[in-house]
Amino acid sequence: MANSKPHVNGDASTERIQVIEEDKTFTQELSQQIERWGLRDTGFAYNLVAVFGSQSTGKSTLLNRLFGTTFDVMDETRRQQTTKGIWMCRGKDMSVMVMDVEGTDGRERGEDQDFERKSALFSLASSEVLIVNLWEHQVGLYQGANMGLLKTVFEVNLGLFGKGNTGRTLLLFVIRDHIGTTPLANLQATLTADLNRIWDSLSKPSELKDRVLSDYFDMTFTTLPHKILVPEKFEQEVLSLRKRFTDKERPDYLFKPAYHKRIPADGVAMYMENIWEQVQSNKDLDLPTQQELLAQFRCDEISAGALAEFNDQAKSQKRPIEVGRVVEGLGGLMKNWRTQALARYDKDASRYHKGVYARKRADLVSAIDSTLSPLFLGQLKNLHKSCLSTFKKELLDGLKGDEYSFGGVMQKARTKCEKNFTEAATEALVEGTDWSWEEELGLLKEELRAVGDQCRKDETKKMINQIERGVKKLVSEPVEMHLTKPAPDMWDKVLKTFKDALTKAENTYLAKAKSFDCTEEENAASLTALKRRAWIVLRAKIEEQTADQSILGKLRNHFEERFRYDEEGVPRVWKPDDDIDGAFKKAKEQTLELVPLYSSIKPIDPELEFELPSEGGDDLANEDFDFSSSLTVLSDTKGLDLINKFRRDADAYYVEAKRSTVSSIAQIPYWIYGVLVVLGWNEAMAVLFNPLYFTFLLFSLASAYMIIQLGLTGPLLQVIRTVAGEVQKQGTAKLREVLAQPGVVEAVPARRANSYEEESDRDSSQEPGQK
């Protein structure tokens, strides 16, 4: 009869039962115990969890902390086996049945691995969640982490239960005594790689050979700190892990419906008993023979020697690959290393047990390929970078100059690049492996396409910039001419010139774009961008010609042509009887009519109206440009300001015209000329009848005529003014020099003193009466 141990307080809900005894017999009291736990009538509202791991790793302690169970724990001072067989207990205040499985690799059972395998397979097949309990330092070990045992268990589990596919099982790896030096992600990657590797090495039934580990098992990983060194942190992490079993709202809740075996609670006992019977009757779990043990030992030894020699050879090319070099002939080198290592193994190991020899050979091949695979992948990466760099260089070299076919240059560079990659990648491939370089070639093609697209965009931008400059040259002079000579059809002429230039630019683009392999959408986007840029060029020219000073000049010129010149273009000389006011008013009104004409771009012919697409163009044009607002050249405020400035200028012309009439009125009366003739008749006759005066007169008239004919009037007047100024300057200087001499200044007072003395002497010599 199975052992049944209640808790010290006698609570049936925490009573535990030994499901499988040490002699591998299944208990008959499990059904009654489930009823005593109060779970018999719960239907599917229960969960089943088990723990698996090496002996003395704290499995029972972990279960007691997580689920409030009462499993016996190990005495730390004695370090001996505590759990024997498989025990089960209900979680405290939880509808969970918890199985505590005897630890593996215990000294009590020694080499008897039969129960370890069967108990592990039983717990894996019957539980929803299997807790794999192991120390951090066991990660990466084959036997320490029970990988060998798991391999056997997976293989038999697949053979016994894989075809029926009774549901998925969650493997929860609890890594104990985690000190944090190695991140959980690295530990997880190591364990996942190990599990996938042993799964791939399983001997699967033919109908299940394509199944992968994830078809039957989900894996999750967590860590716990050291229980003795950091007990507070350990208890905190255990409490957090417990919530993953109890809180259904958490995204990392472990008891998911997908893992439930869909067995009602009242049928769990019979279900588990049937599983144990299948496990017990399976011969694949039996221990190997002595011959197989010897073969395993020798084949491992031979394989290790061959692998060591192989690693020394492979190490020579590891560094060049890591620094990004493409190693020439790498495929041949790897084939030779692989062949030599397998030949050495086959020579010495083929004499041992055929099954072990083949299995270990497969492991050796796997180890060799796992070493060569990074070299192969590194070679592909380096080939990828090298070919991509060469492609860029050849593409840029081919696009130099003005005459080239973009599509031809692109296709030539791409074909050469893909050919070089394919040849080098094929050479690096080792026969007998499942390696492939097609995926890397696909990535390379995508990058080549991306580089080509970017280069095509750059060349398209360059071409559009060049065409834009051509449009600017075509519209600059005609638009300036049309705006300088305003007329009602001014904007018709401007827009016709613009459309002709734009049509020529679009034809130029389409002719050049044929070699760019552009799609219709790309051509449409580029043409839209070209239209926007051309319109911006036209608007810039219009803004230049309608700037304040420029347009004021145009208004003044227009006013002058109508006010200061007649209909035949002859300058007007205003007379007092001319209608200056009427001419001024008419010219001003005609000129002011130009301001609304310049204000907005409105052609008379509706067919000449230009519409700019509102979308498209990508980044080739200014997306912030507002076409509708660009049709307005002069705002109302600016128009009024221009009108005011023009009126001031026009008023000045009017005042000038009025003054010219006044000056023409203030002329010399004609009778004055008769008076001058009468009064000067005698003098004129004296000059005419005196030979000397007459000769001097003739000479003066001849000199004046020559000076006028030779255009020397201005220079002569300048010489006269210069000579007169110089004479005045010399005279002033001489006068100052004379006045500055001391003798002259003192002589005047002296003479005055002498005159005064003489006069005094004369007065003294006279008599008083004479005085």
Side-chain angles (χ1 to χ4, degrees), residues 104-105 109-122 124-125 141-163 193-213 215-217 278-311 338-373 430-434:
T104 62
D105 199 24
R109 290 192 182 271
E111 295 182 357
D112 182 16
Q113 300 178 5
D114 184 67
F115 185 82
E116 293 181 358
R117 298 185 177 194
K118 292 179 178 179
S119 61
L121 179 58
F122 171 79
L124 181 66
L141 301 179
Y142 188 81
Q143 295 297 338
N146 293 298
M147 290 299 167
L149 178 58
L150 284 175
K151 177 180 179 181
T152 304
V153 170
F154 283 163
E155 193 170 78
V156 177
N157 181 75
L158 190 62
L160 288 178
F161 312 106
K163 299 177 183 179
D194 292 342
L195 289 172
N196 285 318
R197 185 165 57 252
I198 67 173
W199 180 269
D200 293 338
S201 66
L202 297 182
S203 177
K204 307 180 185 69
S206 59
E207 63 272 24
L208 302 176
K209 63 180 180 179
D210 295 329
R211 297 295 181 90
V212 294
L213 180 64
D215 291 337
Y216 297 92
F217 303 97
Q278 294 185 57
V279 170
Q280 277 283 75
S281 60
N282 191 274
K283 298 299 182 183
D284 292 339
L285 294 172
D286 293 340
L287 291 175
T289 62
Q290 292 297 324
Q291 183 182 10
E292 292 175 335
L293 291 174
L294 176 61
Q296 289 180 7
F297 175 78
R298 286 293 296 139
C299 288
D300 285 340
E301 190 178 52
I302 297 168
S303 176
L307 190 60
E309 182 179 352
F310 164 79
N311 288 333
R338 190 173 187 266
T339 302
Q340 292 174 7
L342 293 178
R344 177 176 176 180
Y345 173 82
D346 293 339
K347 177 182 177 182
D348 296 332
S350 59
R351 297 171 294 185
Y352 294 94
H353 189 274
K354 298 302 180 183
V356 176
Y357 156 75
R359 189 167 64 251
K360 297 297 181 182
R361 191 180 193 277
D363 293 342
L364 176 61
V365 171
S366 177
I368 291 175
D369 292 347
S370 64
T371 302
L372 293 179
S373 178
V430 177
E431 297 179 0
T433 62
D434 57 352

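Every value quoted in this text rests on a predicted model; they were computed, and no experiment measured them. What you see below is based on every heavy atom in this structure, not just the backbone, and it leaves out hydrogens, waters and symmetry mates.
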Derivation of the side chain to side chain contact (heavy atoms under 4.5 Å, CB included) call for Phe310 and Gln340: CA-CA 8 Å; Phe310 164 79; Gln340 292 174 7; over 6 Å; no
Trace of the side chain to side chain contact (heavy atoms under 4.5 Å, CB included) decision for Tyr357 with Asp346: CA-CA 9 Å; Tyr357 156 75; Asp346 293 339; 2.9 Å; yes
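Across every non-hydrogen atom of Ser350 and Lys347, the tightest pair is OG-O, 4.0 Å. For the residue pair Ala306 and Ala341, the shortest heavy atom distance occurs at CB-O, 3.6 Å. For the pair Leu195 and Ile198, the tightest heavy-atom approach, listed with the atom from each and the gap, is O-CG1, 3.2 Å.
The residues Asp194 and Arg197 are annotated as salt-bridged, a charged nitrogen and a carboxylate oxygen being separated by less than 4.0 angstrom. Remark: Arg338 engages Asp369 in a salt bridge, criterion side-chain N to carboxylate O under 4.0 Å.
Here the straight-line distance linking atom CG of Asp363 with atom CD1 of Ile368 works out to 11.0 Å at 0.5 Å rounding. Put simply, OG on Ser303 and CG on Leu342 are 9.0 Å apart, with the number rounded to the nearest 0.5 Å. In this structure, Arg359 CZ and Leu364 CG are separated by 14.0 Å, a value rounded to the nearest 0.5 Å. Rounded to the nearest 0.5 angstrom, Lys360 NZ and Ile302 CD1 are separated by 12.0 Å. Gln280 CD to Phe122 CZ: the interatomic distance, rounded to the nearest 0.5 Å, is 10.5 Å. Between the CD atom of Glu431 and the OG1 atom of Thr339 there is a distance of 9.0 Å, given to the nearest 0.5 Å.
The backbone N or O of Leu307 lies less than 3.5 Å from a partner atom in the side chain of Asn311, making a donor-acceptor pair. Side chain of Ser366 to backbone of Ala362: no donor-acceptor contact under 3.5 angstrom is found.
For the residue pair Arg361/Tyr345, the side-chain donor-acceptor check at 3.5 Å is not satisfied.
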